Amino acid sequence: MTIRTRFAPSPTGYLHIGGVRTALFCWLFARKNNGQFILRIDDTDQQRNIESALEPILDGLRWLGIDWDEGPGVGGTHEPYYQSQRTEKYQAAVEQLLQNGFAYRDFSKPDEIQAERDASMKSGGTFTYSRRWMAENDADVRRYEAEGRTSVVRLKMPREGKLVIDDLVRGRVEFDWATEQDHVIQRADGTFIYHLANVVDDQDFEISHVIRAEEHLSNTPRQIFMIQSLGYCLPAYAHLPFVAEPGSKTKLSKRKLDKYLKNADFKKLVDNGTKIASKLGLKNDIDTFNPVVVDFYKAVGYLPEAIVNAMAMIGWSLDDKTELFLKPDELINVFSLEKVTKGAASFDPAKLFSFQERHFQNRTAEEKRDLCKPFLEKAGIKIDDNKLLKLITFAADRIKVSGDILDFDEFFVSADKLQYDAEAVIKRITQPAEAIPLLTELAAVFEKTEPNNWQSQTLHETTQTFIDERQIKINQVIHALRVAVTGKTIGIGMFDALELLGKQESLARMARAMNGV
RNA sequence: GGCCCCGUCGUCUAGCGGUUAGGACACGGCCCUUUCAAGGCCGUUACGCGGGUUCGAGUCCCGCCGGGGUCACCA
């Protein structure tokens with residue numbers, strides 16, 4: 001049997017991190033087993049303009065490298081892949097259920113059935129619909145319609161016996177049919193409810209394994225009832241633990257950004273992102289610029305492989321030591337549903353960042369350059385490839401996400417445009433009495449250096465000689481020098497910075513600092 | 001409230017009757033050091049509770065407690 005899994009997003013306009021995890025596991029399982037991964041669009045309840053709401057989701061999946069064998073953009077033998085275009089199939093299924101007595105037309109009014117629901121809720125029991133407005137024959141239909149009632153189609157669920165599900169993640173799960181309700185499958189306006197569409201499509205697409213988040217577990221009985229009533233094949237089920245909030249077991253939600261910001265790690269992630277975004281002139285939109293949404297990571301310059309790696313470790317692990325998977329293929333090779341954990345797993349921003357860090361460290365300087373370059377371009381900064389490569393080499397592990405390259409913007413401006421950190425200038429140049437005289441002397445020494453000797457190591461040696469002669473410590477001059485040349489107290493190695501800037505630029509900056517910035 | 005699921009360091013997890021309960025992230029300390037990162041070394045911290053079963057329980061059973069999901073003419 002061919003393994004076929006599917007991911008079925010609704011066109012909501014953004015790709016949620018929890019959705020990514022579900023899609024990833026579906027994809028990994030299919031790839032691992034030489035199967036197929038299908039993308040289906042659940043737009044049964046959507047307005048017409050789904051294209052713009054779908055594109056960010058497809059983009060996100062593509063960016064992460066989660067490719068689909070059938071679905072939007074690639075087609076396939078089971079077209080169409082949009083539920084809104086598959087209504088004849090749903091209608092046929094509803095007719096079949098109706099004809100075989102597994103569903104009925106219900107003419108109750110919303111407040112009537114709600115009253116029954118409230119009553120059973122009040123008495124503390126399970127709600128069981130009285131089926132009082134169920135049409136048992138054509139005469140009933142005509143009578144109810146004469147009363148001006150409209151109907152929905154409801155499932156005629158069993159009211160005794162048990163359902164046992166052998167879930168690939170959760171094991172044996174039992175439900176009493178009596179606690180299940182007569183769920184609506186077709187609305188009064190003729191449109192279809194997700195559960196019906198889902199069952200019909202999974203059958204039509206020959207889905208072998210339904211891998212989805214845990215919140216669907218309690219929907220499973222009604223779906224199995226439909227599958228059995230329609231004579232379909234039962235797929236295997238695997239209900240994944242959902243991705244929870246940082247430090248909580250509650251489901252992660254895009255709308256709770258304010259709350260998550262109280263988490264220090266989460267805030268750090270956002271702050272770093274916001275810093276980069278402001279330099280790029282991106283807008284701070286909760287729908288995209290939010291660590292719960294994949295676009296955020298793309299915008300800030302995370303590596304898709306790092307996100308995939310981090311997502312894979314939420315609710316899954318290979319063993320007690322392996323957790324770094326630099327390439328998705330490495331993950332595919334070892335993935336299995338048996339290793340999925342049962343408990344809800346919190347999204348840990350710090351851990352995700354750590355994966356990013358380790359993945360990025362693993363890239364060559366040339367790869368990092370190509371990754372960082374678009375960020376400079378977006379910020380309107382022009383720099384030649386060789387200089388950028390040099391900067392990236394000097395910056396080493398200080399760059400954690402591609403957008404961090406913008407932290408080094410002091411190397412992209414001329415001396416007269418350099419922004420000085422006022423506090424740093426006071427602390428390192430203005431205040432220490434020795435700073436400016438030493439800087440002046442050092443500048444005179446540097447002046448004598450041949451331009452083609454203007455290299456990190458040479459400059460280091462020159463400076464070493466300079467301090468040895470004066471019997472001072474390097475600390476006494478280097479802090480002032482750093483602020484003079486870069487405008488800030490932190491940054492890459494001092495002599496690397498000088499080399500990168502070149503003789504003329506370095507001396508111009510020193511001169512500017514000595515003259516009070 | 002009904003039904004269902006879950007419960008090992010702060011977090012992600014390993015563990016599938018006998019372990020000094022392991023790893024990672026985070027955190028703390030030390031080292032390195034021209035700043036900031038990175039790196040190296042060391043360290044603090046966990047089996048929710050109570051009963052069983054067993055020579056022996058984090059591992060099996062029961063109860064409790066706690067957390068979560070779901071109960072729509074949303075998906």
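Within every chain, numbering begins at 1; the chains are lettered A, B, ... in the order of the sequence lines, protein sequences first and strands thereafter. Note that these values count all heavy atoms, side chains included, but never hydrogens, waters or copies made by symmetry. Because the structure is predicted, anything quoted here is derived from the model rather than measured.
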With [X], which residues qualify under side-chain hydrogen bond (donor to acceptor under 3.5 Å, both in side chains), at least two apart?
X: A:Thr220; value: A:Arg212, A:His239
X: A:Gln181; value: none
X: A:Asp320; value: none

Partner lookup for [N], please. Criteria are Watson-Crick or G-U wobble with both distances under 3.5 angstrom; report none if nothing qualifies.
N: B:C60; value: B:G52
N: B:C27; value: B:G43
N: B:G7; value: B:C65
N: B:U19; value: none

query = Can you name the residues that form a side-chain contact (heavy atoms from CB on, under 4.5 Å) with A:Glu55, not counting sequence neighbours?
reply =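 Per chain and number, A:Glu55 pairs via side-chain contact (heavy atoms from CB on, under 4.5 Å) with A:Glu51, A:Leu58, A:Asp59, A:Arg62.
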
inquiry  = A:Ala236: which residues meet the side-chain contact (heavy atoms from CB on, under 4.5 Å) condition with it, sequence neighbours left out?
reply    =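 For A:Ala236, the residues satisfying side-chain contact (heavy atoms from CB on, under 4.5 Å) (neighbours in sequence not counted) are A:Leu168, A:His209.
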
query = For A:His460, which residues count as a ring-ring contact (aromatic ring centres under 6.0 Å, His included) partner, sequence neighbours excluded?
reply =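 Once residues adjacent in sequence are excluded, the partners of A:His460 under the ring-ring contact (aromatic ring centres under 6.0 Å, His included) criterion are A:Phe495.
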
message = So, using ring-ring contact (aromatic ring centres under 6.0 Å, His included) as the criterion, who are the partners of A:Phe242 when residues are at least two apart?
response =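 Partners of A:Phe242 under the ring-ring contact (aromatic ring centres under 6.0 Å, His included) test: none.
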
Under 4.0 angstrom, heavy atoms only, what part of the nucleic acid is [X] near: base, sugar-phosphate, or nothing?
X: A:His195; value: base
X: A:Thr126; value: sugar-phosphate
X: A:Asp320; value: base
X: A:Thr341; value: sugar-phosphate
X: A:Lys473; value: nothing
X: A:Arg358; value: sugar-phosphate
X: A:Gly491; value: base

Distance, [atom1] atom - from [M] to [N], rounded to whole angstrom:
N: B:A24; M: B:U44; atom1: P; answer: 14 Å
N: B:G1; M: B:G43; atom1: P; answer: 47 Å
N: B:U59; M: B:G51; atom1: P; answer: 14 Å
N: B:G23; M: B:C61; atom1: C1'; answer: 31 Å
N: B:C42; M: B:G58; atom1: P; answer: 29 Å
N: B:A57; M: B:C64; atom1: P; answer: 23 Å
N: B:C12; M: B:A46; atom1: C1'; answer: 13 Å
N: B:G40; M: B:C47; atom1: C1'; answer: 32 Å

Polar atoms only, N or O, under 3.5 Å: list the protein pairs with nucleotides 31-34 of chain B and their distances.
{"residue": "B:U34", "atom": "O2", "partner": "A:Arg482", "partner atom": "NH2", "Å": "2.9"}

Is there a side-chain contact between [X] and the phosphate of [N], meaning an N or O under 4.0 Å from OP1 or OP2?
X: A:Ser317; N: B:A14; answer: yes
X: A:Thr179; N: B:G2; answer: no
X: A:Lys342; N: B:C6; answer: yes
X: A:Lys351; N: B:U13; answer: no

message = Please check: side-chain N/O of A:Thr449 versus main-chain N/O of A:Trp454, any donor-acceptor pairing under 3.5 Å?
response =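 Not at all, since once roles are kept as given, no pair shorter than 3.5 Å links the two residues.
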
Rounded interatomic separation in angstrom, taking [atom1] from [X] and [atom2] from [N]:
X: A:Leu498; N: B:U35; atom1: CG; atom2: C1'; value: 13 Å
X: A:Phe325; N: B:C12; atom1: CZ; atom2: P; value: 18 Å
X: A:Ile17; N: B:C12; atom1: CD1; atom2: C1'; value: 15 Å
X: A:Phe347; N: B:U13; atom1: CZ; atom2: P; value: 14 Å
X: A:Asn263; N: B:C25; atom1: CG; atom2: P; value: 18 Å

Of the listed nucleotides ([options]), which one gets closest to any side-chain atom of [X]?
X: A:Phe175; options: B:A38, B:C3, B:C25; answer: B:C3
X: A:Leu217; options: B:C12, B:U13, B:C4; answer: B:C4
X: A:Ser10; options: B:U13, B:C3, B:A75; answer: B:A75

Sort me out a list of protein N/O and nucleotides 68-73 of chain B N/O pairs below 3.5 Å, or just none if empty.
{"residue": "B:U70", "atom": "OP1", "partner": "A:Lys251", "partner atom": "NZ", "Å": "3.4"}
{"residue": "B:U70", "atom": "O4'", "partner": "A:Ser218", "partner atom": "OG", "Å": "3.3"}
{"residue": "B:C71", "atom": "O2'", "partner": "A:Gln181", "partner atom": "NE2", "Å": "2.6"}
{"residue": "B:A72", "atom": "OP2", "partner": "A:Arg117", "partner atom": "NE", "Å": "3.0"}
{"residue": "B:C73", "atom": "O2", "partner": "A:Ala188", "partner atom": "N", "Å": "3.1"}

Within 6.0 Å of CD in A:Glu423, more than 12 heavy atoms from elsewhere =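 Not buried by this count: 12 neighbours or fewer within 6.0 Å.
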
task = Flag the pair A:Phe7 / A:Trp68 as yes when their ring centroid distance falls below 6.0 Å, and as no otherwise.
result =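 Aromatic pair excluded; centres sit 6.0 Å or further apart.
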
Given RNA chain B, 5'-ward residue of the pair A:Lys268 and A:Val169, judged by closest heavy atom =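 On the 5' side of the pair lies A:Val169.
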
key: Toward the 5' end of RNA chain B, by each residue's nearest nucleotide, A:Leu352 or A:Lys339   =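 Its nearest nucleotide being more 5', the pick is A:Lys339.
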
request  = Of all the heavy-atom pairs spanning A:Phe347 and A:Leu252, show the shortest one and how long it is.
outcome  =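 Nearest pair, atom of A:Phe347 first, then A:Leu252: CB-CD2, 4.2 Å.
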
inquiry  = Please determine whether a side-chain nitrogen of the Lys or Arg among A:Arg358 and A:Glu323 lies less than 4.0 Å from a carboxylate oxygen of the Asp or Glu.
reply    =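 Here A:Arg358 pairs with A:Glu323 in a salt bridge, since their nearest N and O are under 4.0 Å apart.
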
